[in-house]
Amino acid sequence: MSAPAPDPVFTAFCAAGLWPGLGKRAAAELPAAGITSADAVTADRLLALPRVGRQRAERLFSSFLAAQPTYAVVALLVGAGLEARLAATAADALGSDAARRLRDDPWALLGLPGVTLGDADRLAISVLPGADRQDSRRGRAIVAMTLRTATRDGHTVLPADLVVAALRAEQIADPAAAIAAAVESGEVLEHEPPEPEFDEDADLDELPEPDPALRTLSLARFGMAEEAVAENVARLAATAERIADPAAVRSVAKGLDDAQKAAVAQVLGAGVSLLTGGPGTGKSRTVAAIVTLLRSKGSEVALAAPTGRAAKRLEELTDHPAVTVHRLLGAQGTSGGFARNEEWPLDADVVVVDEASMLDVELTAALLEACPDGTHLLLVGDPAQLPSIGPGHVLGDLIDSGVVPFTELTTLYRQAEGGAIARLANAVRAGELPPVDSPDREVVVVPATGSAEAAQRVVQLVTDSIPRALGIDPATVQVVTPVHRGAAGTIELNKALKAKLNPGEGTVWGFDVGDRVVATANHLDLEPIGFANGEVGVVTGTGDGTLDVAFASGPVTVSGKAMSDLRHGWAITVHRAQGSEWPGVVVVLPPEAGGMLSRPLVYTALTRAQRHLSVVHASGAALARAVREVDVRPRRTRLAQLLAENAG
DNA sequence: GCCTGCGG
């Protein structure tokens with residue numbers, strides 16, 4: 001008797017690794033055990049697999065049964081000629097009745113990462129005989145997709161006109177109906193244009209109409225988050241009571257300038273306040289004074305930052321515990337919400353968040369919702385640095401709204417005032433790119449043509465020119481580039497720099513003693529103090545699958561999972577360098593980064609340098625253009641308008 | 001298309 005032909009759905013399910021606990025090797029051995037379809041799966045047959053005992057067979061059988069929702073999705077996907085791997089994501093996102101939901105609305109597939117409209121259309125043709133490109137579910141899904149794509153560029157809203165144009169580009173005949181369907185589903189919100197200023201003397205017949213071109217749409221997630229931020233800022237502003245007499249500032253005023261003292265006084269009175277300024281203007285020193293004052297008053301202070309590294313630094317500078325905002329709020333896994341919320345709010349009198357330019361709108365909404373009436377919130381940050389990864393422009397919008405009290409620190413203390421680095425950084429902050437005038441070579445600009453030549457210049461600067469001409473140890477010089485790929489990206493630069501500075505085999509996970517490494521994730525729980533994403537260290541020893549790494553904050557022995565979160569760190573991206581500074585910095589601007597150059601990126605890169613800055617410039621006119629424009633792609637948001645409306 | 005935070 002010959003075995004039945006293997007069931008393609010079953011085969012795809014197993015091959016895609018969707019059967020929990022079943023390895024690749026075991027999957028390949030299933031046919032030999034007589035298991036070629038779902039119906040053939042029994043604990044007894046599984047027992048026939050090599051290296052499988054009774055207990056494992058039972059476990060495999062029950063994990064197969066538990067994976068039935070995923071199996072049902074695989075059946076749909078395979079029928080449409082789509083990748084079975086998608087099934088796991090679909091079951092995660094759509095729940096145990098994912099298959100039924102996809103049969104009801106195949107375009108719901110578009111909500112999953114990596115799915116194209118073409119994929120969703122194929123599924124639709126396969127599950128809905130006679131599927132029509134004018135189907136209202138399709139139009140609705142394209143509206144949401146358009147808004148999701150905009151979200152990746154940081155926008156929380158899009159003008160309705162742009163969404164209409166996107167719908168027309170997909171041959172949707174009735175864009176208004178598609179938008180109405182998206183709003184009806186609850187996934188999308190429609191925002192009427194702001195009311196024009198009311199002029200009391202105007203003729204009643206000529207009341208200005210809101211401009212329909214200003215109508216916007218948002219994904220409800222982000223539209224509601226912005227509304228929550230605006231409402232809760234107003235709530236905290238209205239419920240705050242003065243913590244201490246402004247005269248109390250005197251007790252910590254020693255060493256603070258007038259603006260810094262004003263910032264301290266502001267926190268004592270305001271429910272929400274802002275403290276802004278560039279690197280070296282004393283933001284941290286001011287926060288330290290605030291913490292000292294509040295502790296002396298017996299107030300409960302909570303310190304937090306959006307990144308682990310910023311939290312760690314805040315803790316060192318204030319000598320007061322600081323955590324990530326996620327930790328502060330009790331983040332529950334990737335999809336989940338936060339343990340601290342309206343029902344179980346934070347119990348601090350004052351909450352201070354450093355590096356607030358990195359706050360996106362959802363995290364800010366969660367933070368504000370967890371602050372009970374009367375909490376004072378201080379956001380500290382530099383609006384000129386890179387914007388948050390998630391959508392929103394929270395710090396900038398809070399400033400632009402004009403309704404939140406803020407103090408801007410402008411006096412530079414860290415770099416020599418009038419030094420070439422500070423002059424250049426200040427000019428870039430203001431949108432200008434003056435010719436560099438630095439006879440003492442504090443700033444050196446090295447022109448290059450193409451990324452290969454740029455890379456050569458970088459290696460030359462780090463290993464030869466900078467140490468020889470300026471006497472700066474290469475160990476204190478950091479290379480910073482916008483990109484990973486290409487000849488002047490981190491990957492190739494690190495290879496070239498390792499070959500010159502610390503050649504070797506890479507005995508443990510590609511690393512040798514003497515290699516510079518950078519962390520790409522937080523491991524704050526390693527002994528004794530762990531490491532934070534973006535920290536740079538040097539390998540000081542290797543063991544059996546372990547590395548001893550000396551980070552600036554202390555030594556750490558790294559093994560296992562944490563090891564895979566280390567990369568070579570002579571050259572790192574500008575994004576990862578945010579929040580760190582080095583005595584010497586080489587900034588590389590390769591031509592292929594031209595499109596991603598922006599004023600915040602250039603400013604962030606330049607301000608990483610304390611004593612010496614070399615700029616290897618190969619991006620031509622794109623650099624001046626990027627610095628001149630406030631941002632190449634400004635984020636469209638509604639928060640500033642909402643804040644102003646709530647205040648008025 | 002490029003870059004990137006947090007969490008388990």
Side-chain angles (χ1 to χ4, degrees), chain A residues 92 113-114 116 149-154 225 304-314 322-340 353-367 370 381 385-395 451 480-491 518-526 530-535 560-562 564-565 567 571-580 587-605 608 619 622 626 631-633 635:
Chain A
D92 271 356
T116 64
T149 306
T151 282
R152 275 178 231 126
D153 287 331
T307 68
R309 189 158 34 115
K312 217 168 150 178
R313 201 186 42 226
L314 185 60
V323 293
T324 62
V325 177
H326 284 84
R327 280 267 168 97
L328 181 72
L329 299 178
Q332 297 168 330
T334 169
S335 60
F338 297 94
R340 310 309 289 263
V353 179
D354 199 3
E355 297 285 5
S357 59
M358 299 183 189
L359 284 175
D360 66 47
V361 69
E362 278 191 306
L363 188 60
T364 310
L367 173 68
Q385 295 203 29
L386 289 164
S388 61
I389 292 162
H393 184 235
V394 174
L395 184 61
S451 49
V480 160
T481 170
V483 289
H484 287 301
R485 290 147 182 261
T490 59
I491 298 166
V518 61
T520 59
N522 287 341
H523 287 275
L524 297 167
D525 42 0
L526 290 179
F531 61 79
N533 192 354
E535 275 192 276
K561 161 83 179 83
S564 60
D565 291 322
R567 305 267 179 284
I572 66 177
T573 60
V574 177
H575 283 83
R576 208 176 287 295
Q578 187 173 20
S580 298
V587 173
V588 201
L589 301 171
E592 59 267 33
M596 70 180 292
L597 290 186
S598 66
R599 190 192 298 178
L601 184 132
V602 175
Y603 176 76
T604 302
R608 300 309 95 205
S619 55
D631 198 328
V632 180
R633 287 178 310 265
R635 295 182 167 200

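Each chain gets a letter, A, B and so on, in the order the sequences are listed, and its residues count up from 1.
Following rounding to the nearest Å, A:Arg327 (CZ) and B:dC6 (P) show an atom-to-atom distance of 11 Å. The CD1 atom of A:Ile389 sits 13 Å away from the C1' atom of B:dG7 (whole-angstrom rounding). A:Leu524 places its CG atom 11 Å from the P atom of B:dG8, with the value rounded to the nearest Å. Across the protein-nucleic acid pair, A:Leu395 atom CG and B:dG5 atom P stand 19 Å apart, rounded to whole Å. Between the CG atom of A:Asp565 and the C1' atom of B:dG5 there is a distance of 14 Å, given to the nearest Å. Rounded to whole Å, the distance from CD on A:Gln578 to C1' on B:dC6 is 15 Å. Per the geometry, CZ belonging to A:Arg340 stands 21 Å off P belonging to B:dC6, to the nearest Å. Going from atom CG of A:Asp92 over to atom C1' of B:dG8 covers 13 Å, rounded to whole Å.
An OP1 or OP2 oxygen of B:dG5 is reached within less than 4.0 angstrom by no side-chain nitrogen or oxygen of A:Thr324. An OP1 or OP2 oxygen of B:dC6 is reached within less than 4.0 angstrom by a side-chain nitrogen or oxygen of A:Asn533.
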Sub-3.5 Å pairs of nitrogen or oxygen atoms, protein against nucleotides 1-3 of chain B:
residue : atom : partner  : partner atom : Å
B:dC3   : OP1  : A:His484 : N            : 2.9

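For the atom pair A:Ser388 OG and A:Leu363 CG, the distance stands at 9.5 Å (nearest 0.5 Å). Residue A:Asp565 holds its CG atom at 4.5 Å from OG1 of A:Thr520, rounded to the nearest 0.5 Å. A distance of 11.0 Å separates CZ in A:Arg576 from OG1 in A:Thr307, rounded to the nearest 0.5 Å.
Residue A:Pro482 is tested with A:Val587, A:Val602, A:Leu589 for a side-chain contact (heavy atoms from CB on, under 4.5 Å); the sole match is A:Leu589. With A:Gln578 as reference, A:Leu386 is the one residue of A:Leu386, A:Thr573, A:Val480 to meet the side-chain contact (heavy atoms from CB on, under 4.5 Å) rule.
In this structure, A:Gly308 reaches the sugar-phosphate backbone alone: every heavy-atom distance under 4.0 Å involves primed, P, OP1 or OP2 atoms, never a base.
A salt bridge links A:Lys312 with A:Glu535: the closest approach of a Lys/Arg side-chain nitrogen to an acidic carboxylate oxygen falls below 4.0 angstrom.
Taking the side chain as every heavy atom from C-beta outward, A:His575 and A:Thr604 never approach each other to under 4.5 Å.
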